[in-house]
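Residue numbering restarts at 1 for every chain, and letters A, B, ... go by the order of the sequence lines. Since the model is a prediction, treat every value here as computed from it, not as a measurement.
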Protein chains: 2
Amino acid sequence: MITIGQLAGYVGVSVKTVRVYHAKGLLPEPDRDVSGYRRYGADDVVALIRIRTFAEAGVPLARIRELMTAGEEELRRALLDIDGRLTDRIRGLQATQARLRELASGEPTLLPAGVHAHLEALERWGFTARWVELQRDLWILVFATHPDRAAELFRDQSAMLSEPALRQLFLRYDHAYGLDPGDPRVEELARRIVDATLSRYGADTPPEADAASGVPALVQSRINAASPAWRRLDSLIRAGLGAAR
Amino acid sequence: MITIGQLAGYVGVSVKTVRVYHAKGLLPEPDRDVSGYRRYGADDVVALIRIRTFAEAGVPLARIRELMTAGEEELRRALLDIDGRLTDRIRGLQATQARLRELASGEPTLLPAGVHAHLEALERWGFTARWVELQRDLWILVFATHPDRAAELFRDQSAMLSEPALRQLFLRYDHAYGLDPGDPRVEELARRIVDATLSRYGADTPPEADAASGVPALVQSRINAASPAWRRLDSLIRAGLGAAR
DNA sequence: CTTGACCCTGCCCCTGGGGCAGGGCTGCAC
DNA sequence: GTGCAGCCCTGCCCCAGGGGCAGGGTCAAG
């Protein structure tokens with residue numbers, strides 16, 4: 001009959017771990033020898049190895065306790081479940097590793113070079129510093145959280161700004177910042193933007209919106225918070241686009 | 001400027017997690033708005049994503065804090081280190097998964113059928129119940145912990161027992177249980193066993209001993225604990241084999 | 001002006017052990 | 001036998017990485 005230290009050293013865990021498993025009822029308390037030491041048999045080694053296999057797979061100890069006294073059928077289903085979760089975790093870690101490596105290689109590329117150029121162009125076209133900064137934050141967000149779709153969205157946006165007529169609309173949006181929310185120019189601008197959006201994308205969803213991520217909403221809420229006129233503008237545009245669908 | 005809930009929901013963590021990161025100094029506390037709410041910018045999103053990437057890779061928060069203010073060079077080395085550990089963990093999980101699947105398939109095979117037959121043969125040959133039980137535990141241990149080498153060791157042992165002359169030696173070992181440790185028969189038996197071992201394996205290591213695992217030592221210590229005569233026998237055999245090398 | 005959804009701080013709780021104190025056993029050497 | 005190292009025992013507090021709740025303030029929409 002072996003001692004707790006041998007059992008533990010043997011399966012590759014600490015003595016404490018074995019005692020914890022006793023306390024939590026995973027491993028039955030064995031008989032004691034005359035001096036009160038726990039004495040284990042070969043079956044306990046086998047049981048402990050099973051427990052460790054589950055534990056290393058990430059199964060909570062409380063669940064392992066249930067499994068140790070579970071029937072064939074339940075055990076079979078549980079093993080399938082555990083296996084699936086383990087596969088997920090492994091995939092997750094591999095994804096993390098990929099992100100880590102990206103972080104290791106392209107460290108200081110918060111934004112692709114094209115975006116910087118675009119932001120400088122905005123300034124030259126007469127956009128306010130406030131607007132440019134909002135745009136900068138928007139693209140940092142989009143590139144950080146949706147690296148896959150960001151480039152496409154950016155190309156679309158960039159193309160829009162290069163058309164003078166559309167650029168005018170954005171410029172007017174920018175400069176509407178200080179207007180009174182009731183100013184008729186706000187309503188007129190909203191109408192024009194709705195028209196332009198519909199003629200560009202039809203009644204389909206524009207690209208930003210199907211990045212279902214909440215990024216556009218997030219940025220929009222931030223824009224709205226900055227000015228009452230902008231808030232009204234946003235609400236009018238939404239209503240206009242909503243009615244067209 | 002976005003709120004803590006947006007930041008969190010956004011990167012896919014809880015609000016609490018973000019606050020914990022502030023408390024532990026991973027993410028700098030941002031400015032507050034008039035009502036005391038934390039307000040974040042796009043840079044914070046980027047920083048939080050970095051933090052989560054490390055955290056998901058298993059880096060402790062205290063270490064992440066250091067990394068957030070580390071220089072290029074240190075960061076590069078740390079990333080390499082983290083990547084390596086991550087690879088290890090992934091491999092470990094894959095190994096666990098393999099063991100899990102083994103557990104799922106061949107569940108009730110505590111011992112291969114051949115071992116049971118062998119144990120029954122021992123009884124017929126006149127080994128005591130005590131000896132048979134020790135052997136049973138030994139093989140459970142070996143098969144549980146060294147599934148790769150166990151079959152080979154078992155074949156070797158089995159072959160030894162099938163030779164009548166060697167079997168006699170084992171029988172005498174078994175029956176030496178109750179002898180006085182000073183009995184001359186103990187010394188004589190030890191001599192014979194040393195001779196037989198040397199003639200079977202030469203001066204090389206016998207197979208049990210190079211399963212460097214400690215299993216043999218473990219079992220031997222258990223055997224020794226059972227009887228003073230056995231203890232003496234073991235010590236004599238060790239001395240004899242040691243001298244021959 | 002209410003209502004629901006946020007936000008704030010402070011506090012205790014959980015898991016899976018690690019580590020230490022303060023005491024008892026065992027086995028080996030001398 | 002006597003020492004002494006190395007086990008073992010129980011009981012206790014500690015850690016990370018958050019979860020959850022209390023008790024209170026804030027914001028936006030209807």
Pairs where residues 21-30 of chain A contributes a residue and the test salt bridge (Lys or Arg N to Asp or Glu O under 4.0 Å) is met, not counting sequence neighbours: A/Glu29-A/Arg32, A/Glu29-A/Arg38

Does the side chain of B/Ile193 come within less than 4.5 Å of B/Tyr173's, by heavy atoms? yes

Counting C-beta onward and ignoring hydrogens, is there a side-chain heavy-atom pair between B/Leu61 and B/Arg65 closer than 4.5 Å? no

Is there a donor-acceptor pair under 3.5 Å between the side chain of B/Glu66 and the backbone N or O of B/Arg63? no

Residues from residues 29-38 of chain A lying under 4.0 Å of DNA chain D - heavy atoms: A/Arg32, A/Gly36, A/Tyr37, A/Arg38

Check whether any side-chain N or O of B/Thr3 sits under 4.0 Å from OP1 or OP2 of C/dC6, and answer yes or no. no

The criterion is salt bridge (charged side-chain N to carboxylate O under 4.0 Å, His left out); which residues satisfy it with A/Glu188, sequence neighbours excluded? A/Arg172, A/Arg192

Pull out every residue in residues 12-22 of chain A that has a heavy atom closer than 4.0 Å to any atom of DNA chain C, ordered by number, or say none. A/Ser14, A/Lys16, A/Thr17, A/Tyr21

Residues that B/Ser35 engages under side chain to side chain contact (heavy atoms under 4.5 Å, CB included), provided they are two or more places apart: B/Asp33, B/Tyr37

Report the residues that fulfil ring pair (Phe, Tyr, Trp, His ring centres under 6.0 Å) with A/Phe170, sequence neighbours left out, ordered by chain and then residue number. none

Tell me every residue that passes ring pair (Phe, Tyr, Trp, His ring centres under 6.0 Å) with A/His22, counting only those two or more places apart in sequence or in another chain. A/Tyr40

Which nucleotide of DNA chain D is the first, and which the last, in the 5' to 3' direction, to come under 4.0 Å of a heavy atom belonging to chain B? D/dG17 to D/dC27

Those residues at least two apart in sequence (or on a different chain) that pass side chain to side chain contact (heavy atoms under 4.5 Å, CB included) with A/Glu56 are A/Arg52, B/Thr96, B/Arg99

Check this for me: does any side-chain nitrogen of one of B/Glu72 and B/Arg76 sit under 4.0 Å from a carboxylate oxygen of the other? no

Please list, chain by chain and in numerical order, all residues satisfying salt bridge (charged side-chain N to carboxylate O under 4.0 Å, His left out) with B/Arg19, sequence neighbours excluded. none

Residues of residues 59-70 of chain A with a heavy atom under 4.0 Å from any atom of DNA chain C, listed by number, are A/Pro60, A/Leu61

B/Arg85: what forms a side chain to side chain donor-acceptor pair (under 3.5 Å) with it, not counting sequence neighbours? B/Asp81

